[in-house]
Amino acid sequence: VICLLITNDLSAEIRKLYLQRNYPVLQAENQYWIGTPIGLYQYNPEDDSFKPFTLPTAANNPEVKQLYFYDEWLWCVLDTGLAALHVRLNEWLYFDSSTGLPSNNVNYIDVQEDFIWIATDQGAARFDQLIEEWEIYNENRGLPAANVTDLVVAGDLLWFLFPFQFSEYN
């Protein structure tokens, strides 16, 4: 049997591979979440399927930089701010500097009991999940520098990390 395909289009299919990029991947509740430059995907290994999730329109086509899962919420650090998806309800929250963040450049995220902590280049912020409000911590509130590169939650202790120094929060 000979199969012959005749076409007038001689251009090859072009696929852009991002071999130099590392995409954030997170496993939560038997699902895998994958952040890409074009959106967020959920992979279900049981039926080998991908489900795309549309990020909030206010995010303006962001790239997903980090993923964090806590208590039915998938937190997505974006290059334009921070988005949180309530996985069961499929509802988004979106935050940027106009809605309570010290900066749109979020460096890190972690959880301490009922609080979501973020580190940014203009300070840190704590999101109270009960009242759904941000509280900003910066040089005016006792931080030694504005650029918080990372933070570490260890039980009741919280450490802010800066270039060349760190600070403990009680």
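Note that the numbering runs from 1 along the sequence shown for the chain.
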(request) Taking the side chain as every heavy atom from C-beta outward, state whether L85 and C76 have any atom pair closer than 4.5 Å. (result) no

(request) Over all heavy atoms of both residues, which pair between G35 and Y23 is shortest? Give the atoms and the distance, please. (result) O-CB, 3.2 Å

(request) Check side-chain hydrogen bond (donor to acceptor under 3.5 Å, both in side chains) between S97 and all other residues, then give those that pass, not counting sequence neighbours. (result) N104

(request) Could you pull out all residues at least two apart from Y43 that satisfy side-chain hydrogen bond (donor to acceptor under 3.5 Å, both in side chains)? (result) D48

(message) N147: which residues meet the side chain to side chain contact (heavy atoms under 4.5 Å, CB included) condition with it, sequence neighbours left out?
(response) N107, D121, T149, P163

(request) Go through the steps for V111 and V153 under the test side-chain contact (heavy atoms from CB on, under 4.5 Å), then give the verdict. (result) CA-CA 7 Å; V111 174; V153 174; over 6 Å; no

(message) I'd like to know whether F69 forms a side-chain contact (heavy atoms from CB on, under 4.5 Å) with V87, so could you lay out the CA-CA distance, the side-chain angles of the two residues, the decisive distance to 0.1 Å, and finally the verdict.
(response) CA-CA 10 Å; F69 190 84; V87 174; 3.6 Å; yes

(message) A side-chain contact here means heavy atoms from C-beta on lying under 4.5 Å apart; do T120 and V106 qualify?
(response) yes

(request) Just jot down the side chain to side chain contact (heavy atoms under 4.5 Å, CB included) partners of Q31, sequence neighbours excluded, or say none. (result) W33, Q42, N44

(message) Tell me which pairs pass salt bridge (Lys or Arg N to Asp or Glu O under 4.0 Å) where either residue lies in residues 50-60, with sequence neighbours left out.
(response) none

(request) Decide if atom CG of N30 counts as having more than 12 heavy atoms of other residues, nucleotides or ligands within a radius under 6.0 Å. (result) no

(request) Evaluate side-chain contact (heavy atoms from CB on, under 4.5 Å) for F166 paired with V152, printing each intermediate quantity in order. (result) CA-CA 10 Å; F166 63 92; V152 177; over 6 Å; no

(request) Kindly write out the residues that satisfy side-chain hydrogen bond (donor to acceptor under 3.5 Å, both in side chains) with W117, not counting sequence neighbours, or none if the list is empty. (result) Q112

(message) If the condition is salt bridge (charged side-chain N to carboxylate O under 4.0 Å, His left out), which residues does E72 pass it with, not counting sequence neighbours?
(response) R88

(message) How about CZ on F115, more than 12 heavy atoms from neighbouring residues, nucleotides or ligands closer than 6.0 Å, or not?
(response) yes

(request) Applying side chain to side chain contact (heavy atoms under 4.5 Å, CB included), name anything that partners E168, two or more places apart in sequence or on another chain. (result) L157, W159, N170

(message) What I'd like to find out is whether the side chain of K65 reaches to under 4.5 Å of the side chain of L78, using heavy atoms alone.
(response) no

(message) Is any side-chain heavy atom of N90 closer than 4.5 Å to one of F53?
(response) yes

(request) Run the numbers on N105 and S103 for side chain to side chain donor-acceptor pair (under 3.5 Å), then give the verdict. (result) CA-CA 5 Å; N105 187 16; S103 168; 5.4 Å; no

(request) Taking the side chain as every heavy atom from C-beta outward, state whether P102 and N138 have any atom pair closer than 4.5 Å. (result) no

(request) Using a cut-off of 6.0 Å, state whether more than 12 heavy atoms not belonging to Q165 lie near its atom CD. (result) yes

(message) Can you list everything that forms a side-chain hydrogen bond (donor to acceptor under 3.5 Å, both in side chains) with Y41? Sequence neighbours excluded, please.
(response) none

(message) Under the rule for side chain to side chain contact (heavy atoms under 4.5 Å, CB included), what residues qualify as partners of Q66, not counting sequence neighbours?
(response) V77, Y108, I109

(message) Are Y94 and W92 packed together at the side-chain level, in the sense that at least one heavy-atom pair is separated by less than 4.5 angstrom?
(response) no

(request) Could you name each residue pair satisfying side chain to side chain donor-acceptor pair (under 3.5 Å) that touches residues 127-136, not counting sequence neighbours? (result) R126-E135, E135-Y137, E135-R141

(request) Taking all heavy atoms of P62 and all of T80, pick out the closest pair and write down the distance. (result) CB-OG1, 3.5 Å

(request) Taking the side chain as every heavy atom from C-beta outward, state whether V148 and F162 have any pair of such atoms under 4.5 Å apart. (result) yes

(message) I need the full list of salt bridge (Lys or Arg N to Asp or Glu O under 4.0 Å) pairs touching residues 96-115, with sequence neighbours left out, sorted by first then second residue.
(response) none

(message) Ignoring hydrogens, what is the shortest heavy-atom contact between L93 and P56? Give both atom names and the distance.
(response) O-CG, 4.4 Å

